[in-house]
Amino acid sequence: MSQLNAIPTVGSSGLFSSHLSARRYKMHAREIIQEGYTKFPGQAFKVSLPDRWEVIVSGKQMMEDIKKASDLDLSFIEAVGETMQSDYTLGMPARVDTYQVEVVRTPLTRNLAARFDDLRDEIKAAFADEIPAKETEWMKVPMLYTVMKIVSRTSNRYFVGLPLCRDPDYINLNIEYTIDAFNGAKTLQRFPTVLKPIVRQFLTDVPTCLKRATKHIEPLIKERLQKELDFGSSDWPDKPNDLISWLLDEAKGERRKDIIYNIVSRVLLVNFAAIHTTTFTNALFYLAANPHLAQPLREEIEYIVAELGWTKAAMGKMWKLDSFLKETTRLDGLGGLTMSRMVLRDFTFSNGTVVPAGTLVSVASYGMHHDDALYEDPETLKPFRFSNKREMEGEGIKHQMVGIDPSFGLFGGGRHMCPGRFFAVNEIKALIGHILVTYDIKFEGDGGYPEPDWNGASLSPNGFAQVMFRKRSATPASTA
């Protein structure tokens, strides 16, 4: 504890008063993190959680220390295990053997160009079903749940294909699993380890979601395993080019034990990451609150689609859209913190700060994203902040949303930088692009941006906001 005592506290550090600070952190984490970021620039500070201290750091050098640290010292996997209770919500096999990460990093990402037509086809079909707006009148849409259904369909067209991606129960279970995993983690955190298997079974909905997912996915897995036996090879004619196949290809030898559970749990895990739709929803809210931004974005999209069609290559040319998405994410992001790690061995930062084993350490991303030393007018939405920079000589490939940017923390950093960021950004561009060429959108009464919901350091889009949609006259880009 003496090492933690040397790190300044934001809030109270007394035996009893720290518990009051922990309760305040749940409601006011953004303000507390910002206070620490301002008071202790480029340094570490700590905040009280109900059962532990969390150390929060800032500054380029301390971020670099985390990025370069060994997994034996600072563990991303153990941090997820603690914050998400992943052994009980996301599945222990996926933590012990993380081969799904390599699948996301390699075949899932590399097949984007080849499978982009499927994504585009499902986007058109999903929006037509979920937002059947007309040209003659405005349609009010409850946004968050609608977005989750559309993203579930689109992502699963890529992950498991037709017809399963359109199955109503399969769509709903993936949405429910995303919610249940978060809620289940909060419940599990209140209980000692010895009770967690019982709590998971009786006080969370995770087992029910797993059973439902198994009902849908098990027949596909068994069919493909039988094909391997029939042809004596994992490379058989007309083999589907999707997530199930990529996971099976990676699951050789000992990984074939309990193969149904191992594949189903990983498909759910990848869906959990994909259906966390904060970036897309918040960008949509900023568009509805600023209808004047639609035209320059729409012009870019229509020009590029006319040349390249709806392709991965076209997404890469949409600099203004990329900038708009990065800027709206900068303003809100996924919350107050990024790059969380569990300290497994006492760790000394390059500035001499020592953090003891057993401590959770994170980077103050919200403070960084709102730092006027890093961003001009950081509280102002500047949709083309990054695309304008890319137009400068020698900057064309920099400042992309998926790129490595030490002042942008959405995707983390180092060896654990989000492997699915290429899929996520391309999918979100295609989704927002479709909205722009297909609909006019606004808030009722020309309302402003609805503030997101904060729970501790986590952020989610406003769950009650509704957006008005009106169909635009068909254009080559909207029908392509």
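Values below: every heavy atom of this structure, side chains too, minus hydrogens, waters and symmetry copies. Along the sequence shown, residues carry numbers from 1.
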Side-chain contact, heavy-atom cut-off 4.5 Å: R190 with T187? yes

Verify salt bridge (Lys or Arg N to Asp or Glu O under 4.0 Å) between E218 and K222, making sure each step is shown before the conclusion. CA-CA 6 Å; E218 183 176 18; K222 286 184 172 179; 3.2 Å; yes

K252 atom NZ, neighbour heavy-atom count above 12 within 6.0 Å: yes

Partners meeting side chain to side chain donor-acceptor pair (under 3.5 Å) with D167 (sequence neighbours left out): none

What about the rings of F408 and H369, do their centers lie closer together than 6.0 Å? yes

Between D129 and R153, is there a side-chain N and carboxylate O pair less than 4.0 Å apart? yes

Looking only at heavy atoms, the pair that brings A357 and D346 closest together is N-OD1, 2.8 Å

Could you check whether any side-chain heavy atom of L164 comes within less than 4.5 Å of a side-chain heavy atom of L220, counting everything from C-beta outward? yes

Taking atom CD1 of I244 and atom CD1 of I263, what is their separation to the nearest 0.5 Å? 8.5 Å

Is atom CZ of R110 surrounded by more than 12 heavy atoms (other residues, nucleotides or ligands) closer than 6.0 Å? no

Look at the side chain of T38 and the backbone N and O of Q34, then say whether any donor-acceptor pair between them is shorter than 3.5 Å. yes

Please report the shortest heavy-atom distance between Y286 and D332, naming the atom on each side. OH-OD2, 3.3 Å

So R105 and V101, side chain to side chain contact (heavy atoms under 4.5 Å, CB included) or not? Walk me through it. CA-CA 6 Å; R105 180 178 289 119; V101 175; 3.8 Å; yes

How long is the gap from CD on Q61 to CD on Q43, to the nearest 0.5 Å? 13.5 Å

Find the distance between NZ (K46) and OG (S21) and round it off to the nearest 0.5 Å. 11.0 Å

Both conditions, 6.0 Å and 45 degrees, for the charged tip of R266 above the ring of Y99: are they met here? yes

Cut-off 3.5 Å, side chains only: do H434 and R120 have a donor facing an acceptor? yes

When you look at N426 and L119, which way does the side chain to side chain contact (heavy atoms under 4.5 Å, CB included) test go after all the steps? CA-CA 10 Å; N426 277 281; L119 282 177; over 6 Å; no

Taking the six-membered ring for Trp, are the ring centroids of F469 and F127 within less than 6.0 Å of each other? no

Calculate, to the nearest 0.5 Å, the distance between atoms CD and CG belonging to E379 and L331 respectively. 7.5 Å

R23 atom CZ, neighbour heavy-atom count above 12 within 6.0 Å: no

Is the closest basic N to carboxylate O distance between E228 and R224 below 4.0 Å? no

Run T89 and Q85 through side chain to side chain donor-acceptor pair (under 3.5 Å) and show every step you take. CA-CA 6 Å; T89 57; Q85 298 290 298; over 6 Å; no

Closest non-hydrogen atom pair between A251 and I259, with its separation: CB-CD1, 3.9 Å

What I want to check is whether the side chains of D71 and H416 have a donor and an acceptor closer together than 3.5 Å. yes

Presence of salt bridge, D322 and R385, under 4.0 angstrom: no

Nearest-0.5 Å distance that lies between atom NZ in K196 and atom OH in Y88: 6.0 Å

Pair L4, V55 - check side chain to side chain contact (heavy atoms under 4.5 Å, CB included), show working. CA-CA 9 Å; L4 280 176; V55 172; 3.8 Å; yes

Run the salt bridge (Lys or Arg N to Asp or Glu O under 4.0 Å) check on K239 and D249 step by step: do they pass? CA-CA 11 Å; K239 176 181 174 180; D249 288 344; 2.6 Å; yes

Answer yes or no: is there a side-chain heavy-atom contact under 4.5 Å between T338 and L410? no

Is the shortest side-chain N to carboxylate O distance from R166 to E122 below 4.0 Å? yes

Could you walk me through whether V264 and I221 satisfy the side chain to side chain contact (heavy atoms under 4.5 Å, CB included) test, starting with their C-alpha distance in whole Å, then the side-chain angles of each, then the deciding distance to 0.1 Å, before giving a yes or no? CA-CA 9 Å; V264 171; I221 299 171; 4.0 Å; yes

Tightest non-hydrogen contact, residues P450 and F285, listed as CG-CD1, 3.7 Å

Determine whether the side chains of S152 and N174 contain a donor N or O and an acceptor N or O closer than 3.5 Å. no

If we count only N and O atoms by modelled type, under 3.5 Å, do the side chains of D242 and Y158 hold a donor and an acceptor together? no

Quick check: do M368 and M63 have side-chain heavy atoms less than 4.5 Å from each other? yes

One should read off an interatomic distance between K326 NZ and D405 CG, to the nearest 0.5 angstrom, of 4.0 Å

Answer yes or no: is there a side-chain heavy-atom contact under 4.5 Å between L337 and V363? no

Can you confirm whether Q400 sits close enough to F386 that some side-chain heavy atom of one is under 4.5 Å from a side-chain heavy atom of the other? no

Partner of D118 under salt bridge (Lys or Arg N to Asp or Glu O under 4.0 Å), chosen from R157, K124, K312: R157

Do you know the tightest heavy-atom contact between T353 and A44? CG2-CB, 4.0 Å

Please examine the side chains of V467 and T146, heavy atoms only from C-beta on, and report whether any two atoms are closer than 4.5 Å. no

Nearest atoms (heavy-atom pairs only) where A457 meets A29: N-CB, 3.6 Å

Begin with the C-alpha distance, continue with both residues' side-chain angles, and end with the deciding distance and a verdict on salt bridge (Lys or Arg N to Asp or Glu O under 4.0 Å) for E176 and R212. CA-CA 11 Å; E176 290 164 19; R212 288 166 64 194; 2.6 Å; yes

Cut-off 3.5 Å, side chains only: do N462 and D453 have a donor facing an acceptor? no

Have E54 and S362 got a donor and an acceptor in their side chains that come within less than 3.5 Å? yes

With a 6.0 Å cut-off on the ring centroids, do F272 and F182 count as close? yes

Neighbour count above 12 (heavy atom, 6.0 Å) for M27 CE: no

How about W53 and Y25: are their ring centres within less than 6.0 Å of each other? no

Other residues, nucleotides and ligands only: do more than 12 of their heavy atoms fall within 6.0 Å of CD1 on I179? yes

Does NZ or CZ of K39 fall inside the cone over F45's six-membered ring, less than 6.0 Å from its centre and within 45° of the axis? no

Measure from the side-chain N and O atoms of T281 to the backbone N and O of T278, and report whether any donor-acceptor pair falls under 3.5 Å. no

Side-chain heavy-atom pair T154, L431 within 4.5 angstrom cut-off: yes

Please report the C-alpha distance between N111 and N241 in whole Å, then the side-chain angles of each, then the deciding distance to 0.1 Å, and finally whether the side chain to side chain donor-acceptor pair (under 3.5 Å) criterion is met. CA-CA 8 Å; N111 280 285; N241 188 26; 2.9 Å; yes

Compute whether any side-chain donor of one residue and acceptor of the other, for Y449 and N282, lie under 3.5 angstrom apart. yes

Would Y366 and Y37 count as a close aromatic pair, with their ring centres under 6.0 Å? no

